[in-house]
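Data block below; observations after.
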Amino acid sequence: METFLKFENRSAAPTYEEIREATGKEALAVVADVTKSEDIEHLVKETVARFGTVDILINNAGGPAAGTFDQMTDEHWQAAFELNLLSFVRAIRAVLPHMRQQKFGRIVNFASSSFKQPLENLILSNTFRTGVLGLAKSLASELGPDGILINTIGPGRIATDRVASLDKLRAQSLEIDPEDVKKSMEAMIPLGRYGDPEEFARMATFLASPANSYVTGQAFLVDGGLVKAI
């Protein structure tokens with residue numbers, strides 16, 4: 001039985017129904033702030049109560065504030081740490097007892113292409129995304145004997161609201177149209193376009209499935225070739 005977790009609010013409600021209708025599976029809505037350990041623990045507890053265990057953990061959180069080093073205060077750094085690194089640590093800690101008990105688990109961390117190549121004006125993301133990569137590489141050795149595989153995916157320019165907001169910020173700083181920013185970025189991508197969220201999802205689906213039986217501790221870019229090999 002599959003488990004779907006989401007924030008239950010007006011914007012997510014249609015997605016909640018869409019998942020149930022498309023899959024025919026039972027869904028579960030749990031409200032959670034991933035920067036709060038008690039919320040993560042509650043989320044996992046509710047999941048186990050409904051479905052009996054946790055087979056897959058997808059770690060994902062919104063991106064931190066954009067800006068340069070000189071623009072970031074201690075509060076910015078602390079907030080980004082809790083959102084983009086500590087939340088992953090806490091979620092993994094919460095699901096491990098269940099995965100270890102059944103000798104099976106798949107953990108997939110969503111990070112950013114910045115773990116391979118830093119992104120301009122995103123000092124917080126550049127710092128903590130690489131921390132996620134180090135966490136996964138370390139845990140691969142610790143969790144492998146229990147049949148738990150952990151991997152990291154870094155999206156490039158995927159057509160999401162987050163990327164659109166970053167394009168808008170860059171456009172404002174350059175005093176140009178956001179569409180011009182998008183066109184300039186697309187010109188740098190070998191495939192010539194932003195990725196579709198479903199294209200990113202296909203990589204996550206493989207890594208989270210039993211079809212992945214021998215890949216762990218790895219980091220993959222889904223970026224249309226934007227980041228060149230180093």
Side-chain angles (χ1 to χ4, degrees), residues 2-7 11-12 14-16 18-19 22-23 25 27 34 55-64 66 80 83-85 87-88 91-92 105-120 122 124-126 128-137 140 149-170 178 181-213 215-230:
E2 298 180 31
T3 305
F4 297 95
L5 304 175
K6 68 174 189 62
F7 290 104
S11 63
T15 302
Y16 174 67
E18 182 182 346
I19 289 172
T23 65
K25 303 294 183 179
V34 295
D55 298 309
I56 300 165
L57 170 65
I58 303 294
N59 264 324
N60 187 30
L83 178 65
N84 297 116
L85 183 56
S87 68
F88 287 30
I92 293 170
R106 298 291 182 269
I107 300 170
V108 182
N109 299 319
F110 290 179
S112 165
S113 61
S114 62
F115 67 59
K116 184 71 172 179
Q117 181 174 293
L119 298 173
E120 183 180 354
L122 288 174
L124 297 178
S125 180
N126 295 339
F128 292 110
R129 304 302 192 182
T130 53
V132 169
L133 183 59
L135 172 68
K137 293 289 287 186
L149 310 185
I150 179 169
N151 293 284
T152 305
I153 313 176
R157 307 300 288 190
I158 306 297
T160 63
D161 291 343
R162 165 70 171 176
V163 169
S165 69
L166 292 175
D167 284 353
K168 184 177 181 180
L169 286 174
R170 181 166 178 78
V181 172
K182 182 179 179 182
K183 289 179 180 178
S184 68
M185 291 301 303
E186 288 177 331
M188 300 170 61
I189 301 172
L191 295 186
R193 60 178 176 82
Y194 282 11
D196 187 282
E198 290 188 2
E199 294 176 300
F200 180 81
R202 292 187 192 110
M203 175 65 82
T205 298
F206 165 71
L207 291 175
S209 74
N212 171 28
S213 58
V215 178
T216 191
Q218 302 305 308
F220 301 91
L221 293 178
V222 182
D223 69 346
L226 175 61
V227 176
K228 307 301 187 290
I230 298 176

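Nothing fancy with the numbering, it's 1 onward along the sequence.
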Who passes side-chain contact (heavy atoms from CB on, under 4.5 Å) against A211, sequence neighbours left out? F206, S209
Using the side chain to side chain donor-acceptor pair (under 3.5 Å) criterion, which residues pair with N59? Sequence neighbours excluded. N109
Are R129 and P118 packed together at the side-chain level, in the sense that at least one heavy-atom pair is separated by less than 4.5 angstrom? no
With sequence neighbours left out, write down each residue that passes side-chain contact (heavy atoms from CB on, under 4.5 Å) with T160, or none if nothing qualifies. I158, R162, V163, P197
Partner set under side chain to side chain donor-acceptor pair (under 3.5 Å) for D167, not counting sequence neighbours: R157, Y194
Can you see which heavy atom on P64 is nearest to which on S125, and at what distance? CG-N, 3.6 Å
Any side-chain heavy atom of I58 within less than 4.5 Å of one from V108? yes
In terms of heavy-atom contacts, P190 and G224 come closest through CD-O, 3.3 Å
Summary of salt bridge (charged side-chain N to carboxylate O under 4.0 Å, His left out) pairs that have at least one residue in residues 189-212, sequence neighbours excluded: R193-E199
Sequence-distant partners of T152, side chain to side chain donor-acceptor pair (under 3.5 Å), two or more places apart: none
Sequence neighbours excluded, which residues qualify as ring-ring contact (aromatic ring centres under 6.0 Å, His included) partners of F200? F110
Going from CG on N212 to CG on L149, what distance comes out if it is rounded to the nearest 0.5 angstrom? 5.5 Å
Drop me the distance from L133's CG to K116's NZ, to the nearest 0.5 angstrom. 9.5 Å
With sequence neighbours excluded, residues passing salt bridge (charged side-chain N to carboxylate O under 4.0 Å, His left out) with D223: none
Output all residues satisfying side-chain contact (heavy atoms from CB on, under 4.5 Å) with T130, sequence neighbours left out; order by chain, then residue number. F115
Between A66 and L169, which heavy-atom pair has the shortest distance, and what is it? CB-CD1, 4.2 Å
With R106 via side chain to side chain donor-acceptor pair (under 3.5 Å) - residues at least two apart: none
Under the side-chain contact (heavy atoms from CB on, under 4.5 Å) test, which residues partner L119, sequence neighbours left out? S112, S113, S114, L122, N126
Approximate separation, where rounding is to 0.5 Å, of N84 CG and N60 CG: 9.5 Å
